[in-house]
Every structure is written in C-alpha cells, then in structure tokens.
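What follows is one structure encoded as structure tokens, with my remarks underneath.
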Amino acid sequence: MRLSRFFLPILRETPKEAEIVSHRLMLRAGMMRQEAAGIYAFLPLGLQVLKKIEQIVREEQNRAGAIELLMPTIQSADLWRESERYDDYGKEMLRIEDRHEREMLYGPTNEEMITDIFRSYVRSYKDLPLNLYHIQWKFRDEVRPRFGLMRGREFLMKDAYSFDIDQPGARHSYNKMFVAYLRTFARLGLRSIPMRAESGPIGGDMSHEFIILASTGESEVFCHRDYLDFPVPDASVDFDNVAELQSAVDKWTSLYAATSEKHDAAGFEAIPADKRVSARGIEVGHIFYFGTKYSEPMKAVVSGPDGVERPVHMGSYGIGPSRLVAAIIEACHDDAGIKWPEAVAPFRAAILNLKQGDSGTDAACEHLYRDLIAKGIEVLYHDLDERPGSKFATADLIGVPYQVVIGPKGLASGMFEIKRRADGSRENLSPAATIDLLSR
RNA sequence: CGGAGCGUAGCGCAGCCCGGUUAGCGCACCAGUCUGGGGGACUGGGGGUCGGGAGUUCAAAUCUCCCCGCUCCGACCA
C-alpha cells in the first residue's frame, strides 16, 4: 500500500477525550473514531489489526474442534423470557421495538439463541460433544463506557458454547477451550495467565479469566512468577486426548493466580517472595461452565445411551477481539507509539523514502516496494513528500514491526537500513537481504 | 446512577469572571520558494451555526434558564 493512496488520518495531537494509552494511540494512529459514547468506527488501519486478531482466534477455535456459525445481532425478547433473563438483565440490555411493536433487543450475549438452535436439531447423545461459536458484534449499554475500546458499549466478541451429555464431558470441552485460549493469546504475541474467576451459579473450579499483564491494566492481579515461563501447548496438541488436556490444564492451574476480587493474601504469601508477581492486568478472555442453567428452563434435552432424556451440560467461552486491539497496545507500546507483535501488525514493513523526489531513493523504494508486493508481503510505502523526521514519527506511531529506511546516505553504499520497532535495533542490509528478512 | 468538569476551525487551546471593532493563537490544510537521517524555514492563503434553543440587553462566545453531547472519579461490567 502506498501511503499516498491509503486512508490514514494521523493526529499529531491527542484528542482530549482519550485518557488511556491505547485509546490515545488508536486515535492518533488513525485506527478508529468515536461515533458516540462507547461506539467506534474502525478506520482502515484499525480494521486490518482487528481482522488479524479475529482470524487467529478463529483458527485456534477451529483447531480445538469448535464450529463456526453466525447468529444475528438482533434477538427476540421472547427467547430471553424463556430463560428468565429478560427482566434480570436490566438496563444494560438495549431494547428496541420493531414496526409491529414486537419487542426485540440488540444481543449482549447469545446463550439463549444458541440453546434454541441446539434444541431445535439435536436429540441424541451421539451428536455430542458439540461446540458452536461465532464472532459477532454485541451491545451492552454500560452505564459508563470508558477507556476507548477497552470498555465500549458495542464490541466484537467471539463466543463459543459447548454442549455435553454430562459433567465429565463438559469438563473436557472446557479444557479444550482452556488450551485453545492459551494458544490464541500466545499467537497474538501475549502472555496470558488463567486466573480463577467467579464461577456463577454452579460453583466449582470451572471458570477462568485470562489475564495479560500490562502496567496500565484495569485491575490488580497476583500470581506466581513461573506462569510467565510456562510452555504453551504447541500446535500438535491432541484435543481429543482427555488425559493430555487435563494435565495441561492442571499444570496451568497449579500455582497461585488471582485477580483482586479473588485474591487471598494468605495464599499469595505462601509463594516464595522472589516468585510473587503483583501487577496490573487486563482481562482478555473468560471461560466458564454453567451446567444446565439454560438447558433446563429452555428444555434443551438429549437422549442418553439409556434412552432417558436429560438436559445438556453447557459452557461458554468469550474473547473480545475489539478489546484485544486495545489490550495489545496497552501491553506493547512506548512513548513514540505502538509496537505491534508481528502476528497482528497491520503491515509487516514500512518503506520510508527519506528524500521523496530524489531519483535515486525514489527508484530504490519503488523497486523494493514492487518486490515485496510480489512476494505477498504487506508493506506500507511512505511516499509522501515529508521530512525524514515526520516519516520516522509516523512509522513509530503506527507500530509497523520493520522500517526500511532508504535515504541518499545509505544508498551511496547500496544498503538499506532496517529498524526493528520492537527493540529499536538497526542493521544495514542489501536489498536482497532485506527481502529475505521480510519474507521470513 | 451519585459526584466533578468540558463543549470556540480538523486537532490542541486562549478569550467568558468584568457584555462593546471584523473572535484569536499553535498544529494541521492550500499555493509557492528554499530544504531533506528524528514531527524544517519563509511568504501568501482558505476554513467558524462560539453545542442547540429561549430569555435579559441598545449590544451576548461572554449574563440567566432549559435541552443535547462528551469526559473524568465512584458504584457496575467482557
């Protein structure tokens, strides 16, 4: 992409409504724009990141055996009356009426709808286990939206719902998602730590929040330092191997880890002092088992091997891709701007032509640009007639992992200067070596 | 929902208390010249329902009332 033909409305100054760093940087980098309190338009740069996150989430859900579908944003109030949540949900739910005065709502979550879909078709334990998910916009009318995308009213969410014949089956389904989440966040360039969470009406140990550490995080968290180095299950995990998954989950839940709500000072003190981590964190995922909470009132039952019908055991598993865009920035930035992990970067590289209009640099940039495009590498060519300093600042701000700096000086020796945004390191490479590096 | 603020050009702000030329500054934008390795300089331009409405007054960005929007703290939450 040539910057001269892209739509990238960079802001030099920070709009005053933006308080936290991800919000500030997203506005400044031209990634998004606020349309109303807690409601945002994604501009091209922001959308590219969102799509990458979404795709990684999707791939890991699929790998774990979940099956994608897509439910609507608008739901009928009747469904929610069946589960008796229509009145419970309160003002957080955006209620609307259609032209026939039917009561509708903009979905804040989809337990009811997925249960309705399930019960319409599934009759036998032979069709289980089943895990259905979708990635769809949700709306929760927060009393006080804030922190930009971190706490918006409209947000993109991946929500998966598992169905099993019994509790042991549900545990395995839960473990699949648990491992899928560890892998998902690792692929996004984040270190996530599962922390015991409020387990709702069922109780038990099957509810975890996945937290990433960021100094600007919203809540205080406590954990054992070893979690920072635990290996994340690799792509070869067998999601059908009950024992293997259970042991992975056991390992990842063996040490102390809690958010401030669940914090137990005594438990934390039991950790050796040098292993205690007290930091700030951001919740990026939440999984839980809720048994027959919806299947019972909504009569989602299947026949077991014994011919007896029983309500299915369910769990639900959420990840907010739109929130993750902000969360990743909170975890990956410096004073100059964003530092995208490579997996989610909107572009892999930026070409900075330090002297636009100079025949030498123009030609070198054009050449490299075409070669990279031909190799399928996502590259942003900064071809505007701006001063070098301004181009550096823009590239740093939008956080592209590799900057290829091409100016008259370096060109004299036939070299490009490559700067890695992550650590600021620089090296001089020949054009061929540059392409080679960026192709990896 | 309690508390506190803010709304003046695309962005950041001054002006408001104490009413009075043509509403100003920086950045951004447009034209041109010189420049060219960390947000350049100069010259010349364009851009405003002062959030909206009502009122007070000879006169309102400025005073009064009502409404709308947004932000922050708290309670709440993926």
Side-chain angles (χ1 to χ4, degrees), chain A residues 9-20 23-24 27-28 30 33-40 57 89-93 107-111 135-160 181 197-198 207-212 218-219 259 261 281-288 316-327 335-337 352-358 360-362 382 384-397 403-412 415-417 419 424 426 428:
Chain A
I10 298 271
L11 265 36
R12 192 159 166 175
E13 283 168 281
T14 305
K16 66 176 173 186
E17 75 261 20
E19 198 67 22
I20 64 164
H23 193 192
R24 287 203 306 263
L27 291 172
R28 286 200 51 215
R33 175 187 151 77
Q34 179 163 325
E35 295 298 339
I39 300 178
Y40 298 87
V57 168
Y89 221 91
K91 290 191 167 175
E92 292 237 312
M93 182 186 277
T109 178
N110 287 67
E111 277 85 5
I135 301 175
Q136 178 63 290
W137 292 91
K138 305 279 191 293
F139 194 94
R140 291 185 192 168
D141 200 358
E142 297 279 348
V143 213
R144 190 185 156 208
R146 61 180 124 176
F147 305 147
L149 282 186
M150 292 284 282
R151 185 80 181 281
R153 291 194 291 173
E154 190 180 48
F155 55 97
L156 189 62
M157 184 166 166
K158 184 286 301 180
D159 40 329
Y181 275 36
E198 214 53 65
S207 176
H208 288 89
E209 290 181 3
F210 284 73
I211 304 281
I212 61 168
E218 57 196 343
S219 54
T259 58
E261 298 88 57
I282 300 170
E283 180 185 348
V284 289
H286 195 169
I287 62 178
F288 55 98
S316 78
Y317 315 91
I319 291 182
S322 56
R323 160 177 259 217
L324 268 167
V325 177
D335 289 346
L352 307 186
N353 185 346
L354 293 197
K355 193 170 180 183
Q356 205 72 41
D358 176 276
T361 60
D362 283 3
H382 194 143
L384 300 179
D385 186 16
E386 287 179 14
R387 311 270 305 185
S390 150
K391 294 195 177 188
F392 292 133
T394 297
D396 285 348
L397 175 63
Q403 297 173 14
V404 183
V405 180
I406 300 181
K409 287 182 191 169
L411 222 46
M415 303 293 264
F416 297 159
E417 180 183 301
K419 173 182 164 184
R426 299 157 192 270
N428 292 312

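Source: prediction; values computed, not measured. Chain letters run A, B, ... following the sequence lines, proteins first, then strands; residues in each count from 1.
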Checklist entry - Of all residues at least two apart in sequence or in a different chain, which pass the side-chain hydrogen bond (donor to acceptor under 3.5 Å, both in side chains) check with A/E92? => result none
Next on the checklist: List the residues meeting side chain to side chain contact (heavy atoms under 4.5 Å, CB included) with A/A395, not counting sequence neighbours, and say none if there are none.
Outcome noted: A/L352, A/Q403
Checklist entry - More 5' along RNA chain B: A/L354 or A/R140, using each one's nearest nucleotide? => result A/L354
Checklist entry - If pairing requires Watson-Crick or G-U wobble contacts with both distances under 3.5 Å, which nucleotide is the partner of B/G44? => result B/C30
Next on the checklist: Using the rule side chain to side chain donor-acceptor pair (under 3.5 Å), only one of A/E386, A/H382, A/Q356 pairs with A/K391; which is it?
Outcome noted: A/Q356
Next on the checklist: What contact category does A/A36 fall into here, base, sugar-phosphate, or nothing, at under 4.0 angstrom with non-hydrogen atoms?
Outcome noted: sugar-phosphate
Next on the checklist: If I compare all heavy atoms of A/E142 with all of A/G152, which pair ends up nearest, and what's the gap?
Outcome noted: CG-O, 3.9 Å
Next on the checklist: What's the gap between B/C65 and B/A28 when it is taken at their C1' atoms, as a whole Å value?
Outcome noted: 38 Å
Next on the checklist: A/T14: which residues meet the side chain to side chain contact (heavy atoms under 4.5 Å, CB included) condition with it, sequence neighbours left out?
Outcome noted: A/A18, A/R24, A/R28
Next on the checklist: What's the gap between B/C13 and B/G55 when it is taken at their C1' atoms, as a whole Å value?
Outcome noted: 30 Å
Next on the checklist: Regarding A/G320, tell me which of base, sugar-phosphate or nothing describes its non-hydrogen contacts under 4.0 Å with the strands shown.
Outcome noted: nothing
Item to check | Whole-Å P distance, B/G74 and B/C66 | outcome: 29 Å
Checklist entry - In whole Å, what is the span from the CD atom of A/E19 to the C1' atom of B/C72? => result 7 Å
Checklist entry - Hey, is A/F155 stacking on B/A78? Ring centres under 5.5 Å, planes under 30°. => result yes
Checklist entry - How would you label the contact of A/K138 with the nucleic acid (heavy atoms, under 4.0 Å): base, sugar-phosphate, or nothing? => result nothing
Next on the checklist: When the C1' atoms of B/G53 and B/A14 are compared, how many Å lie between them, rounded to an integer?
Outcome noted: 27 Å
Checklist outcome for this item: Sorted by chain and residue number, the side-chain hydrogen bond (donor to acceptor under 3.5 Å, both in side chains) partners of A/D362 (sequence neighbours excluded) come out as A/N353
Checklist entry - If you look at every strand shown and take non-hydrogen atoms under 4.0 Å, does A/V405 touch a base, only sugar-phosphate, or nothing? => result base
Next on the checklist: Tell me every residue that passes side chain to side chain contact (heavy atoms under 4.5 Å, CB included) with A/Q136, counting only those two or more places apart in sequence or in another chain.
Outcome noted: A/L70, A/T73, A/H134, A/K138
Checklist outcome for this item: Using Watson-Crick geometry (N1-N3 plus N6-O4 or O6-N4) or G-U wobble (N1-O2, O6-N3), each under 3.5 Å, B/A75 is paired with none
Item to check | C1' gap between B/G51 and B/C68, integer Å | outcome: 7 Å
Checklist entry - With distance as the sole criterion, do the side chain of A/K419 and the base of B/G38 form a donor-acceptor contact below 3.5 Å? => result yes
Next on the checklist: In whole Å, measure the gap between the P atoms of B/C6 and B/C16 for me.
Outcome noted: 14 Å
Checklist entry - Rounded to whole angstroms, how far apart are CG on A/N428 and P on B/G37? => result 16 Å
Checklist entry - Is there side-chain contact between A/I319 and A/L324, with at least one heavy-atom pair below 4.5 Å? => result yes
Item to check | Any strand: nucleotide that pairs with B/C25 via Watson-Crick or wobble, under 3.5 Å | outcome: B/G12
Next on the checklist: Counting distance alone, no hydrogens or angles: does the base of B/G36 have a donor or acceptor under 3.5 Å from a partner atom on the side chain of A/Q356?
Outcome noted: no
Checklist entry - With respect to the side chain of A/V143, which nucleotide from B/C70, B/C1, B/G37 is positioned closest? => result B/C1
Checklist entry - Can you tell me how far P in B/G38 sits from the matching atom in B/A78, rounded to whole Å? => result 48 Å
Item to check | Which residue lies more 5' along RNA chain B, comparing A/I20 with A/V284 via nearest heavy atoms | outcome: A/I20
Checklist entry - Per the atom types in the model, does the base of B/G38 pair as donor or acceptor with the side chain of A/D396 at under 3.5 Å? => result yes
Item to check | Separation of B/G38 P from A/K355 NZ (nearest whole Å) | outcome: 14 Å
Next on the checklist: Taking any heavy-atom pair under 4.0 Å as a contact, classify A/G152: base, sugar-phosphate, or nothing.
Outcome noted: base
Next on the checklist: Counting primed atoms plus P, OP1 and OP2 as sugar-phosphate and everything else as base, spell out the protein contacts along nucleotides 3-16 of chain B at 4.0 Å heavy-atom distance: B, S or - for each nucleotide, 5' to 3'.
Outcome noted: ---SS---BSS---
Item to check | Phosphate OP1/OP2 of B/C73 contacted by A/R146 side-chain N/O (<4.0 Å) | outcome: yes
Item to check | Smallest separation among heavy atoms of A/W137 and A/E154, with atom names | outcome: CE3-CG, 3.9 Å
Next on the checklist: With a 3.5 Å limit on both atom pairs, tell me what B/U56 is paired to, counting Watson-Crick and G-U wobble, or say none.
Outcome noted: none
Checklist entry - Taking only residues two or more places apart in sequence, or in another chain, which ones meet A/P108 in a side chain to side chain contact (heavy atoms under 4.5 Å, CB included)? => result A/W80, A/Y89, A/M93, A/L105, A/R140
Checklist outcome for this item: Rounded to whole Å, CE of A/M157 lies from C1' of B/C77 at a distance of 12 Å
Next on the checklist: Measuring only the P atom in each nucleotide, how far is B/C30 from B/G69? A whole number of Å is fine.
Outcome noted: 35 Å
Checklist outcome for this item: Going 5' to 3' through nucleotides 29-35 of chain B and flagging B where a protein heavy-atom sits under 4.0 Å of the base, S where only the sugar-phosphate is that close, and - otherwise, we get ------B
Checklist entry - Once you round it to whole Å, what is the distance between P of B/G74 and CZ of A/R151? => result 11 Å
Next on the checklist: Counting the atoms with a prime plus P, OP1 and OP2 as sugar-phosphate, which does A/G357 contact under 4.0 Å by heavy atoms, base, sugar-phosphate, or nothing?
Outcome noted: nothing
Checklist entry - Please give, in whole Å, the distance from B/C70 C1' to A/R144 CZ? => result 12 Å
Next on the checklist: Listing request: all salt bridge (Lys or Arg N to Asp or Glu O under 4.0 Å) pairs with a residue in residues 318-327 of chain A, at least two apart in sequence or in separate chains.
Outcome noted: A/E218-A/R323
Checklist entry - Between A/K91 (NZ) and B/C77 (P), how many Å, whole number? => result 17 Å
Item to check | Whole-Å gap separating C1' (B/C76) and CD (A/E218) | outcome: 13 Å
Checklist entry - What does B/G69 pair with, Watson-Crick or G-U, if both distances are under 3.5 Å? => result B/C6
Item to check | Identified pairing partner of B/C50, criterion: Watson-Crick or G-U wobble below 3.5 Å | outcome: none
Next on the checklist: Any strand counts, and the cut-off is 3.5 Å on both contacts for Watson-Crick or G-U wobble. Which nucleotide pairs with B/G19?
Outcome noted: none
Next on the checklist: Testing the basics here: between A/E209 and A/A197, what is the closest heavy-atom pair and its distance to 0.1 Å?
Outcome noted: CG-CB, 3.4 Å
Item to check | Derivation of the side-chain contact (heavy atoms from CB on, under 4.5 Å) call for A/E17 and A/L27 | outcome: CA-CA 10 Å; A/E17 75 261 20; A/L27 291 172; 3.9 Å; yes
Checklist entry - A/Q34 side chain N/O closer than 4.0 Å to the phosphate oxygens (OP1, OP2) of B/U71? => result yes
